[in-house]
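A quick write-up on the structure given underneath.
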Amino acid sequence: MTLPNLPGLSILDTSVNSDALNFRPNTWPPEYNFPVTIDSDGKVVSRYGDVRWDFSPWHGSVLKIYFGDGPGNGYKVSRENADLLRLIMAWWIWGSGVPLSARTLVSKFTIIKQFFVICSKHKICISELSKNPEVIKEIALNGEFSRQHIITYLHDISFNADSLGFTILDSNGMKIFIENFKINESTQTAYIPPRIWSYQLLRLKECLDEYLENKEKFEQLFKHCLSAYKSKSASNSPIFPESNREEFKSIKKSKKSIVTTKQCIKDLATEFGVYHILEKWVVVNNNCNLNTLSNYMNLINLCGTAYIVNFSLMRISECSRLRTDCFEVEIDETGSEICLIKGVTTKTIKDQQARWIVSPLVKTAVESMKHITKLRLLAAKYDSDLKLKEEFLKNPTLHCHCYEPWRMQFLDASTEYITPRTYREVYTNYPKLFDENTMRITKKDLEIAHRLTANLDRKLYSVGKTWPIAWHQLRRTGAVNMLASGLVSEFSLQYQLKHASLVMSRYYGQNYYKLKAPLSSEVRNLYLREMYETLTREFKELQSDNHISPHGDKRKAQILSEITEKDHNQLIESAKKGKISYRETFLGGCANQGAPCPYGGISNISSCMGFDSSSPCDSVIVDKNKLPMINQLKDNLQIQLINTDDGSPLYQSLKAQLESAERAINVINTVQI
């Protein structure tokens, strides 16, 4: 077998020396005597052909795996199957994948070994498993593993079949496995309907953008208040000048509490040019005081946190631990910029330096929160009781404690992190952020929510009720939108999301290992789980009369032949088998099962409906509901043509797209007549 391009030993929490004997195999599969683990004294602990591999030198305590093709206690595996199991483990250790901890390696081994044990019991090679549906069914019914993890592992093995020389389950085998898999999972997290999701996102962005545009003014106001407060603490002089006509009453300060009478600073905020912003977002009943300023800063932190979670799929607990240096940009092999968030994850892989792919838009949230942290650390200097560590000051948390001296309660600085409040509390704590009527569920919202989430609680989710927004909903909604961002109604936001989705899909779904730093594997699992669900939902929706083929009903029936008499789970497996394929395009959708279309159907639609003498693509599906958008595109193209040199390549491209759009409009209008 050809030696694949192996980057070398990659184990978390382990020092890696490129000169070590076990750094990279020089054959593939590795030779039986190739060292797998070496202790601190340079002694070989385990070799590739051993019945057991001892990961104790990596783990720091006893940790071993048993392949089962030799003496010892544990499940037995034939030598042929054990060698293929060794090869998978070798790929996870030396191949082009995300670095893993020794504990995670053992966990993956334990899950995947069950396939090898049952195959060996039936005297078949694991590479022939797909030809034995009864054995697949037995594994699905009797295996002890979570649906989320096993699908991810099988997906990875299939994706790297060329390097491994085999796969455990092909597409048809995966179909049989999923159909018989025992499901013991809880009700799926609610998907936020596009109208509500995009509204909250746009409001978050509006609040953050407005702060960044005026951050210098807020900084001047904040510093003025700090300086005045410090002067008042040192003397009996008033904090604010008499010209403000405000009397700052006595301040009581002790180790247990800091209490200040509510002090109106409306005139002062107006003087610095920011009162209208405070009034827009946080001032209630015309009550504006020092605590209002702090409350606004807290709102910026909340908006920044929500914005990051919306685009990263992070857990709220992970987002709350981000540091100010969390935003990174990498350049991939194509020269494209990939934006990443760096942080700590402890769910599936304990990693202090995990990465999440994000939209470039997230930089707005990070910059806003960094500025709030900067101001609050400045305030911390005024409290002699605070003893902040030098390490913390060099790289503080992105969501910083409220260190203002006028804060309402004593600050417990024993922890660096703030326990996040529920996202739903935004309705009561910041009533001006989201309009409650806009957040009420409409009939269309509920239809979409039910379509993407089974078993919604009708007590919480019904027409007229305010959507019970939650942090964990943002994770699942983000995963779905990565794959089906066409659901989002706002035109500009739709295309921003498509750009982000392409990047995320590329790395979470396939060659994510080309990034320099490890991505959060738990988020990738979430993405893969939604991938097949999304494809199945979209394909099934093609049955409606709104979706038409320019080649007629017969062609549409051919495309939909896989739907006949199949339930949702069967359709998912047809998607994995490659029998169904569908993705959102500008005109409607594409059911192409071959190589990816070079035009995409998003930024260029000329090949979808054809132009000049070319016919529409066989795989194109036109959505009648998109007629207003197609008409708008037609108008825009006509305007561009007027201002473009008719001899230029751009003119020819615009003309071809215009003809394609007109053909789509004609098909829709003809059907509607």
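Computed from a prediction, not measured in an experiment: that's the story for all the values here. These values consider heavy atoms only, across backbone and side chains, with no hydrogens, waters or symmetry-generated copies.
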**Request:** Could I get the full list of side-chain hydrogen bond (donor to acceptor under 3.5 Å, both in side chains) partners for Tyr48, not counting sequence neighbours?
**Result:** none
**Request:** Search all heavy atoms of Thr397 against all heavy atoms of Thr373 and return the closest pair with its distance.
**Result:** O-OG1, 3.3 Å
**Message:** Please verify the inter-ring angle class for Phe159 with His155; under 30° counts as parallel, over 60° as perpendicular, anything in between as tilted.
**Reply:** parallel
**Item:** Note: Asp50-Arg47 ion pair, threshold 4.0 Å (strictly below)
**Value:** no
**Item:** Contacts of Thr364 that satisfy side-chain hydrogen bond (donor to acceptor under 3.5 Å, both in side chains) - sequence neighbours left out
**Value:** none
**Item:** Flag for Asp156-Trp91: side-chain donor and acceptor within less than 3.5 Å
**Value:** no
Side-chain donor-acceptor pairs under 3.5 Å in residues 18-26, sequence neighbours left out?
residue, atom, partner, partner atom, Å
Asn22, ND2, Val36, O, 3.0
Arg24, NE, Leu6, O, 2.7
Arg24, NH2, Pro7, O, 3.2

**Message:** If only side-chain N and O atoms count, and only distance matters, is there a donor-acceptor pair under 3.5 Å linking Asn81 with Ser78?
**Reply:** yes
**Request:** For Lys76 and Gly70, work out which heavy atoms get closest and say how close.
**Result:** NZ-O, 3.2 Å
**Request:** Give the minimum heavy-atom separation between Leu9 and Trp58, together with the two atoms involved.
**Result:** CD1-CZ2, 3.8 Å
**Request:** Ignoring hydrogens and angles, state whether a donor on the side chain of Glu138 or His122 is under 3.5 Å from an acceptor on the partner side chain.
**Result:** yes
**Request:** Decide whether Asp170 and Ser158 meet the rule of one side-chain donor and one side-chain acceptor closer than 3.5 Å.
**Result:** no
